[in-house]
Amino acid sequence: MMASIGEFDPLNNIVPATKIEVTVSCRDLLHVDTFSKSDPVVVLYLQGIGTKEWREFGRTEVIDNTLNPNFVRKFFLDFFFEEKQNLRFDVYNVDSRSSNISKFKDFLGQTFCTLGEIIGSTGGRLENSLSGIPGKKLGAIIFTAEELSNCRDIATMQLCANKLDKKDFFGKSDPFLVFYRSNEDGTFTICHKTEVVKNTLNPVWQPFTIPVRALCNGDYDRTVKVDVYDWDRDGSHDFIGEFTTSYRDFSRGQNQFNVYEVLNPKKKGKKKKYINSGTVTLLSFKVESEYTFVDFIRGGTQLNFTVAIDFTASNGDPSQPTSLHYMNPYQMNAYAMALKAVGDIIQDYDSDKLFPAYGFGAKLPPDGKISHAFPLSGDNENPNCVGIEGVLEAYFQSIRTVQLYGPTNFSPVINQVARHTVLPEFELSSVCVRVPLRSAQDVTDGSQYFVLLMITDGVISDMVQTKEAVVNAAALPMSIIIIGVGPAEFDAMEELDGDEVRVSFRGHFAERDIVQFVPFRDYMDRSGNQVLSMARLAKDVLAEIPEQLLGFMKTRGIEPRPALTSSDLPNLHRHI
């Protein structure tokens, strides 16, 4: 029988930020020196979240006498999918080797982008035109992004023990293992705990996985210490003994050398006839490559972003300032802020920038029919909008034309994203485009992943049907973000956010946790800074998407494709 470790909760390994190497080159720079070509340098600035302030992050080297520099010095940036990481690159012609930018001779141009744009571009290569000097062609700047490999293998192992010391007065021991990696200064850092196996001196622990970097930080011969404990309910776990090994020893798999004596130094010092406190045996060991979110994005996986907005009457009359849909000419309402906060980040990972947008809970003109999945574009055959600005424009237009009504049904939109039929191809239009629609059911090869953003002000009316829709969607390449706006209580929404208890329908549990719910009011900046509020919201609601994508790919045995080149890019991506 297995039990939780009580005070020793299962360890939450903190995954370090993904480190990205950005390489810079320029083409056809402005020629400003009279007797030679320019001596260019590129300066990178980062913009703080929620502020307009830029701070210098780093510089390339100066390359003499060239208009087409390929810089050797790289920029190494921490990548966070859930943040909009704004970058500014300024190019200068340098006469002096002074570090003071004000002494650089000539400004040659600049460009703005996000780190997500570079990573999300085909093959991790982004080319931007330089600007900043009116009336002149300033050439181009080219970025390539590559994730730094940092011992990304993941180890899976299983261990058992035999004849451990008996620690409990009325029963046998309840043993568990604690793993530590050694540090350079001789100390140890905890890196894994197993589950507890109750009432046995001969436990067999479940197989577990651990990143190799967590176990040894890339040094295969680094000491790994393993402590064996007897679990006690009050948290005062009894020390049974310990042994040491290394990743290299573990990697040899099951053999006579991977049977370890568990030794208790105190008992050994007191008892002359002491031999050991039992043995621990490695039953199995395998190593697999651990793919990352960036691997899939560089391999061409597209994030298809769909929006669904609550048009029920509980939002209030849109013509009144008290309404959650009120369009203040001086600032965005909560719906627009939530949409823009999430969409501005996700759009960097979708090459065609076409976003289906739906409303639910409204009466539609001309006959007043209630709909729970109507396209904001007003065209049933064409829900796609061009960019986040196109979605916002369609939302504002819908507010003017539909009648807010009810009830608040979620399941129709979720099912729409999960099970839409393929429509014929149509031509482009100015705001929205008609392309073949594709659903999550159509795409299970890893080429696309679907993110549905639902923004609502109230309690779900069709909770049973929504649970069924979520359970079904969990088997598809799909995640659902729900943002609650306004002052309502959203306690029922927590049922869908499966952080504690996985969503179920008629005894069937969702195979993955795909729902993230947050109330927007928890992220509102007290000073009224909308930019900061939106950044906080996006950071929290998007943080789980990379792991949800990786979880789906892993359960399906899908590996990322090799990084795309420009010739691999299809002419038109398909959307739902």
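Residue numbers run from 1 in the order of the sequence given. As the structure is a computational prediction, the values presented were derived from the model and not from experiment.
Between L496 and K467, the shortest heavy-atom distance links the atoms CD2-CG, 4.1 Å. A pairwise comparison of heavy atoms in A338 and I483 identifies CB-CD1, 3.9 Å as the closest pair. Between F305 and G343 the shortest heavy-atom distance is CE2-CA, 3.5 Å. Across every non-hydrogen atom of V518 and V541, the tightest pair is CG2-CG1, 3.1 Å. When all heavy atoms are compared, the tightest approach of P40 to F71 is O-CE2, 3.5 Å. The minimum heavy-atom distance between I154 and P211, with the atom names listed, is CG1-N, 4.0 Å.
Between F296 and Y291, the ring-plane angle classifies as perpendicular under the 30° and 60° cut-offs.
A distance of 9.5 Å separates CG of L201 from CG of D230, quoted to the nearest 0.5 Å. The CD atom of Q347 lies 12.0 Å from the CG atom of L303; values are rounded to the nearest 0.5 Å. Taking NE2 of H192 as the reference point, atom CD1 of I190 lies at 9.5 Å (rounded to 0.5 Å). Here the CZ atom belonging to R88 is positioned 9.5 Å from the CD atom belonging to E56, to the nearest 0.5 angstrom. To the nearest 0.5 angstrom, I240 atom CD1 is 10.5 Å from D227 atom CG. For the atom pair CD1 (I514) and CD1 (I481), the distance works out to 11.0 Å, reported to the nearest 0.5 Å.
Looking at heavy atoms from C-beta onward, E146 lies out of side-chain contact with T144 at the 4.5 angstrom threshold. No side-chain heavy atom of T281 sits less than 4.5 Å from a side-chain heavy atom of L159. Within the 4.5 Å cutoff, the side chain of V197 has no heavy atoms near those of the V204 side chain. Taking 4.5 Å as the limit, some side-chain heavy atom of C113 sits within range of a side-chain heavy atom of N128. Put simply, the side chain of I482 reaches to within 4.5 Å of the side chain of M493, judged on heavy atoms. Put simply, the side chain of Q206 reaches to within 4.5 Å of the side chain of E195, judged on heavy atoms. Using a 4.5 Å cut-off on side-chain heavy atoms (C-beta onward), Q516 and D497 make contact. Within the 4.5 Å cutoff, side-chain heavy atoms of L215 are placed close to those of M157.
If you look at F293 and F81, their ring centroids are closer than 6.0 Å. Aromatic ring centroids of F176 and H237 lie under 6.0 Å apart.
Annotation: cation-pi pair K225/F188 present, NZ/CZ under 6.0 Å from the ring centroid and within 45° of its normal. Cation-pi geometry between K539 and F80 is met: the NZ or CZ atom falls under 6.0 Å from the ring centre, inside 45° of the normal.
With respect to E21 and R73, no salt bridge is recorded, no charged nitrogen being found less than 4.0 Å from a carboxylate O. With respect to K19 and E147, no salt bridge is recorded, no charged nitrogen being found less than 4.0 Å from a carboxylate O. One finds a salt bridge joining K267 and D165 here, because a Lys/Arg side-chain nitrogen approaches an Asp/Glu carboxylate oxygen to under 4.0 Å. Classification of R502 and D513 as a salt-bridged pair fails, no side-chain N sitting under 4.0 Å from a carboxylate O. We find that E127 and R125 are joined by a salt bridge, their nearest charged nitrogen and carboxylate oxygen being less than 4.0 Å apart. Using a cutoff of 4.0 Å between basic side-chain nitrogens and carboxylate oxygens, R252 and D249 are scored as salt-bridged. The existence of a salt bridge linking K167 and D238 is excluded, since no basic side-chain nitrogen approaches an acidic carboxylate oxygen closer than 4.0 Å.
Put simply, the side chain of E117 never gets that close to the backbone of L126: no donor and acceptor are under 3.5 Å apart. Judged purely by atom type and a 3.5 angstrom limit, D64 has no side-chain atom pairing as donor or acceptor with the backbone of D39. At distances below 3.5 Å, at least one donor-acceptor pair connects side-chain atoms of N202 with backbone N or O atoms of K163. Distance alone, capped at 3.5 Å, is enough to place a donor-acceptor pair between the Y274 side chain and the S277 backbone. Put simply, the side chain of R248 never gets that close to the backbone of D221: no donor and acceptor are under 3.5 Å apart. Proximity of a side-chain donor or acceptor of T292 to a complementary backbone N or O of D295 within less than 3.5 Å is detected. Judged purely by atom type and a 3.5 angstrom limit, T60 has no side-chain atom pairing as donor or acceptor with the backbone of V41. The closest donor-acceptor contact from the side chain of R512 to the backbone of T555 lies at 3.5 Å or more, if one exists at all. No donor-acceptor pair closer than 3.5 Å links the side chain of Q158 to the backbone N or O of F285. Here the side chain of T301 pairs a donor or acceptor atom with the backbone of G446 at under 3.5 angstrom.
R27 and N70 share a donor-acceptor pair across their side chains, judged by distance under 3.5 Å alone. Side-chain contact of D348 with T114: a donor-acceptor pair under 3.5 Å is present, judged by distance alone. Side-chain polar atoms of Y220 and S246 form no donor-acceptor pair below 3.5 angstrom. S479 and Y449 form a side-chain donor-acceptor contact under 3.5 Å, judged by distance and modelled atom types alone. Under 3.5 Å, the side chains of D445 and S447 contain a donor-acceptor pair of N or O atoms.
F89 pairs with exactly one of F112, F143, Y45 by the ring pair (Phe, Tyr, Trp, His ring centres under 6.0 Å) rule, that one being F143. With F243 as reference, Y260 is the one residue of Y260, F250, Y180 to meet the ring pair (Phe, Tyr, Trp, His ring centres under 6.0 Å) rule.
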Carefully, step by step, assess T23 and K74 under the rule side-chain hydrogen bond (donor to acceptor under 3.5 Å, both in side chains). CA-CA 5 Å; T23 303; K74 321 288 186 183; 3.3 Å; yes
Residue pair I346, V451: steps toward the side chain to side chain contact (heavy atoms under 4.5 Å, CB included) verdict: CA-CA 9 Å; I346 286 190; V451 179; 3.7 Å; yes
Working for side chain to side chain contact (heavy atoms under 4.5 Å, CB included), residues I210 and C191: CA-CA 8 Å; I210 183 172; C191 56; 4.2 Å; yes
Under the criterion side chain to side chain contact (heavy atoms under 4.5 Å, CB included), I'd like the reasoning laid out for L87 against F57: C-alpha separation, chi angles, the key distance, then a yes or no. CA-CA 10 Å; L87 312 178; F57 178 80; over 6 Å; no
Determine, step by step, whether D525 and R536 satisfy the side chain to side chain contact (heavy atoms under 4.5 Å, CB included) criterion, reporting the C-alpha distance in whole Å, the side-chain angles of both residues, the deciding distance to 0.1 Å, and the verdict. CA-CA 9 Å; D525 180 61; R536 289 171 175 169; 3.5 Å; yes
Before you tell me yes or no, could you show the steps for K268 and E242 under salt bridge (charged side-chain N to carboxylate O under 4.0 Å, His left out), namely the whole-Å CA-CA distance, both residues' side-chain angles and the distance that decides it to 0.1 Å? CA-CA 12 Å; K268 188 176 181 179; E242 64 185 13; over 6 Å; no
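For NZ of K166, the number of neighbouring non-hydrogen atoms (other residues, nucleotides, ligands) closer than 6.0 Å is greater than 12.
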